[in-house]
Amino acid sequence: MDKPRPVLIVDDDPSILALLTAIVRREGFEVQTARDGISGIVELQVAKYCVVLLDLMMPNFDGISVIRYLDKHHRDILRRVIVITASGTEPVMEEIRATEVFAVLGKPFIPQEVADAVRRCAATVAAPPLRPGS
């Protein structure tokens, strides 16, 4: 890998953000974080990411709202999303499975499974620049 490829992690829990950041960086990726869905969507509008790790249960604008937004406006990004969730009602999980998200992982997660999913997802897309124009 010549240049670290960027991964966006969207989760409101600081300890989960720190753990996921460490896992992803260990795999050689650059990491940007967002603490809620609104911040995540803003970040997705200003930068290109090869993978997005997305929590479902967050304040303000939850993960399912982010998925619905991406499904409607940015399906190319949706294909790079790995959902990581502790819970989800069956209707929500069915809705997620009906989209083109790359994978759904449960919490608590196994770090190696996260690392493997990130590598597989990143391999399916061309490495985008870190920021537009960079």
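- With values rounded to the nearest 0.5 angstrom, L20 atom CG is found 9.5 Å from S15 atom OG.
- Between D11 and K107 there is a salt bridge, since at least one side-chain N of the basic residue sits less than 4.0 Å from a carboxylate O of the acidic one.
- A side-chain contact (heavy atoms from CB on, under 4.5 Å) with V81 holds for exactly one of L8, I96, V101; it is V101.
- Looking at heavy atoms from C-beta onward, I67 lies in side-chain contact with L56 at the 4.5 angstrom threshold.
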Self-check item: Pair D55-I84, side chain to side chain contact (heavy atoms under 4.5 Å, CB included): steps then yes or no
Solution: CA-CA 5 Å; D55 184 26; I84 301 181; 5.8 Å; no
Exercise. Take V52 and I82, measure what side chain to side chain contact (heavy atoms under 4.5 Å, CB included) needs, and give me the verdict at the end.
Key: CA-CA 6 Å; V52 179; I82 298 170; over 6 Å; no
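- Looking only at side-chain heavy atoms (C-beta outward), E95 and I64 come within less than 4.5 Å of each other.
- Shown here for A117 and L105, the closest heavy-atom pair between the two residues is CB-CD1, 4.2 Å.
- Between D116 and R119 a salt bridge is recorded (basic side-chain N to carboxylate O distance below 4.0 Å).
- Between the side chain of T21 and the backbone N or O of L17, at least one donor-acceptor pair lies under 3.5 Å.
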Quiz item: Yes or no on side chain to side chain contact (heavy atoms under 4.5 Å, CB included) for I16 and F109, after CA distance, side-chain angles and deciding distance?
Solution: CA-CA 10 Å; I16 298 293; F109 52 80; 4.3 Å; yes
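- Here the closest heavy-atom approach between residue V10 and residue D36 is recorded as CG1-O, 3.4 Å.
- Using a 4.5 Å cut-off on side-chain heavy atoms (C-beta onward), L54 and V66 make contact.
- Put simply, CD on Q45 and NE2 on H73 are 9.5 Å apart, with the number rounded to the nearest 0.5 Å.
- Between R25 and E30, no side-chain nitrogen of the basic residue sits less than 4.0 Å from a carboxylate oxygen of the acidic one, so the salt-bridge criterion is not met.
- Between E27 and A115, the shortest heavy-atom contact is OE2-CB, 3.5 Å.
- Heavy atoms only, all atoms of each residue included: R79 and C121 are closest at O-SG, 4.2 Å.
- Listed here is the closest heavy atom pair of V118 and F29: CG1-CE1, 3.8 Å.
- Salt bridge annotation for E100-R80: absent, with no cationic side-chain nitrogen under 4.0 angstrom from a carboxylate oxygen.
- Atoms CE and OG1, on M93 and T85 in that order, are 6.0 Å from each other to the nearest 0.5 Å.
- Atom NE2 in H74 sits 8.5 Å away from atom CD1 in I41 (nearest 0.5 Å).
- Between the CD atom of E43 and the CD1 atom of I9 there is a distance of 12.0 Å, given to the nearest 0.5 Å.
- The distance from the OH atom of Y49 to the CZ atom of R5 is 15.0 Å, given to the nearest 0.5 Å.
- Formation of a donor-acceptor pair under 3.5 Å by the R35 side chain with backbone atoms of D13 is not found in this model.
- Residues V31 and T33 have side chains in contact (heavy-atom distance under 4.5 Å, counting atoms from C-beta outward).
- Scanning both residues, A34 and G40, for their nearest heavy atoms gives CB-N, 3.6 Å.
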